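Computation of the quantities below employed the complete heavy-atom set of this structure, encompassing side-chain atoms and omitting hydrogens, waters and symmetry-equivalent molecules. What you see is a predicted model; the values in this text were computed from it and never measured. Every chain is numbered from 1 and lettered A, B, ... according to where its sequence line falls, protein lines coming before strand lines.
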Number of protein chains: 2
Amino acid sequence: MKSEIAVFREFVRRKGLRNTPEREQVIRMIFATHEHFDVDGLYSLLRRRKEKISRATIYRTIPLLIESGLLQEAYVENGHMHYEHIYGHERHCHLRCLACGGLVEFAEQSMAERARSVGERYEFVVTGHRVEVYGYCPKCKAHR
Amino acid sequence: MKSEIAVFREFVRRKGLRNTPEREQVIRMIFATHEHFDVDGLYSLLRRRKEKISRATIYRTIPLLIESGLLQEAYVENGHMHYEHIYGHERHCHLRCLACGGLVEFAEQSMAERARSVGERYEFVVTGHRVEVYGYCPKCKAHR
DNA sequence: GTATGTGCAAATCATTTGCATTCTC
DNA sequence: GAGAATGCAAATGATTTGCACATAC
């Protein structure tokens, strides 16, 4: 299996774009973190590692990563988007508590299968899916 | 089955809030439109009907509608949130084309069942779910 | 060498908020 | 009558963009 960087290099070449050290740093950092991130968190992480990459570059890189299949939007929280890397991972779904905002992840093979079969029914080429289930977690449902 | 307005009135009473004609207009308009909407679209619709309701009121009403179970966030498009009313409807899922942005809706009972069963596994009280599948629609996949 | 990418700071745009006024209960 | 809700306009905060300089191919 190709590395994320390799996938991105190929994508960039195919599109006639250019690869840069900044973009590769962004990719490495994204794949070094366990899972979700937002732009500001990523920016801080990069700064802490002494990488001088601007927010603008991060914002400009993200659509490329999505288009190349490395990344997907996960959910909006506190008014801004959160992303998750999806290359080389089992997809997971999110279970969100509406009261405390808590997030539980779960892997659900059957969701992925259903997503694919629905896509086929509409003659789509399915590349991803996102599932969010909400309700009240054990702690919060007790408080109601 | 109670009307949306009745559900909201009860919610408001239970929370010790107040009902207002503005809120009821918002609810009527949301349930009069077939399905998805965004704040600006709703605002324009209301204006066209000569209802003088400010954007601020719409923004302040939406969280109440979500909490009362009438509405849910559907997806982010063009940088802003889109909502869908969910009371008295079969839930539907979305199939999105990554190339042209096209949206197909589908009802998928099995998704709802899986959502519920996953929630139970984590001892959540499940109140809703959101599924988005993406890929390339028949027209766009041909162009690649 | 040329087109693309980067960083910065300013601009944009959705959403939120302070405040004076109006309205529900 | 008291606490809530509304409308307006200003504030906020995430994201985008113009531009001058740097860099990949």
Measure [atom1]/[X] against [atom2]/[N] and give the value in whole Å, please.
X       : N      : atom1 : atom2 : result
B:Glu77 : C:dC13 : CD    : P     : 17 Å
B:Asp38 : C:dC13 : CG    : C1'   : 13 Å
A:Tyr59 : C:dC13 : OH    : P     : 16 Å

*Please list, chain by chain and in numerical order, all residues satisfying ring pair (Phe, Tyr, Trp, His ring centres under 6.0 Å) with A:Tyr43, sequence neighbours excluded.*
none
*Identify whether A:Leu98 and B:Leu71 are in the same connected component of the hydrophobic contact network (ILVMFWY, side-chain heavy atoms under 4.5 Å).*
no
*Mapping B:Asp40 and B:Val12 onto DNA chain C by nearest heavy atom, which one lands closer to the 5' end?*
B:Asp40
_With heavy atoms of chain A within less than 4.0 Å as the criterion, where does contact along DNA chain D begin and end?_
D:dA14 to D:dC25
Tell me, please, which residues at least two apart from [X] pass salt bridge (Lys or Arg N to Asp or Glu O under 4.0 Å).
X        : result
A:Arg23  : none
B:Glu132 : A:Arg130, B:Arg96
B:Arg121 : A:Glu108

Using a cutoff of under 3.5 Å, can you pull out all pairs of nitrogen or oxygen atoms linking the protein to nucleotides 5-7 of chain C, with atom names and distances?
residue	atom	partner	partner atom	Å
C:dG5	OP1	A:Arg23	NH1	3.0
C:dG5	OP1	A:Arg23	NH2	3.1
C:dT6	OP1	A:Thr20	OG1	2.9
C:dG7	OP1	A:Lys52	O	2.6
C:dG7	OP2	A:Ser54	N	3.1
C:dG7	OP2	A:Ser54	OG	2.8
C:dG7	OP2	A:Thr57	OG1	2.3
C:dG7	N7	A:Arg60	NH2	2.8
C:dG7	O6	A:Arg60	NH2	3.3

*Taking the hydrophobic residues Ile, Leu, Val, Met, Phe, Trp and Tyr, and joining any pair whose side-chain heavy atoms are under 4.5 Å apart, which ones share a cluster with B:Tyr75?*
B:Leu103
_Running the 4.5 Å side-chain criterion over Ile, Leu, Val, Met, Phe, Trp and Tyr, what cluster does A:Val126 land in, apart from itself?_
A:Leu95, A:Val104, A:Phe106, A:Met111, A:Val118, A:Tyr122, A:Phe124, A:Val131, A:Val133, B:Leu95, B:Val104, B:Phe106, B:Met111, B:Val118, B:Tyr122, B:Phe124, B:Val126, B:Val131, B:Val133
*asked:* Using five pairs at each end of the helix from C:dG1-D:dC25 to C:dC25-D:dG1 to define an axis, what is the angle between those two axes, to 10°?
replied: 50°
*Side chain to side chain, B:Arg55 and B:Asp40, heavy atoms closer than 4.5 Å*: yes
*Side-chain donor-acceptor pair under 3.5 Å between B:Glu84 and B:His92, yes or no?*
yes
*Could you tell me whether the side chains of B:His129 and B:Gln72 share a donor-acceptor contact shorter than 3.5 Å?*
no
_Checking A:Arg28 now: which residues fulfil side chain to side chain donor-acceptor pair (under 3.5 Å) with it, not counting sequence neighbours?_
A:Glu24
_Main-chain N/O of B:Asn78 paired with B:His80 side-chain donor or acceptor, under 3.5 Å_ = yes
Is there any protein nitrogen or oxygen under 3.5 Å from a nitrogen or oxygen in nucleotides 10-12 of chain C, and what are the pairs?
none

*Report the residues that fulfil side chain to side chain contact (heavy atoms under 4.5 Å, CB included) with B:Ser3, sequence neighbours left out, ordered by chain and then residue number.*
B:Ile5, B:Ala6
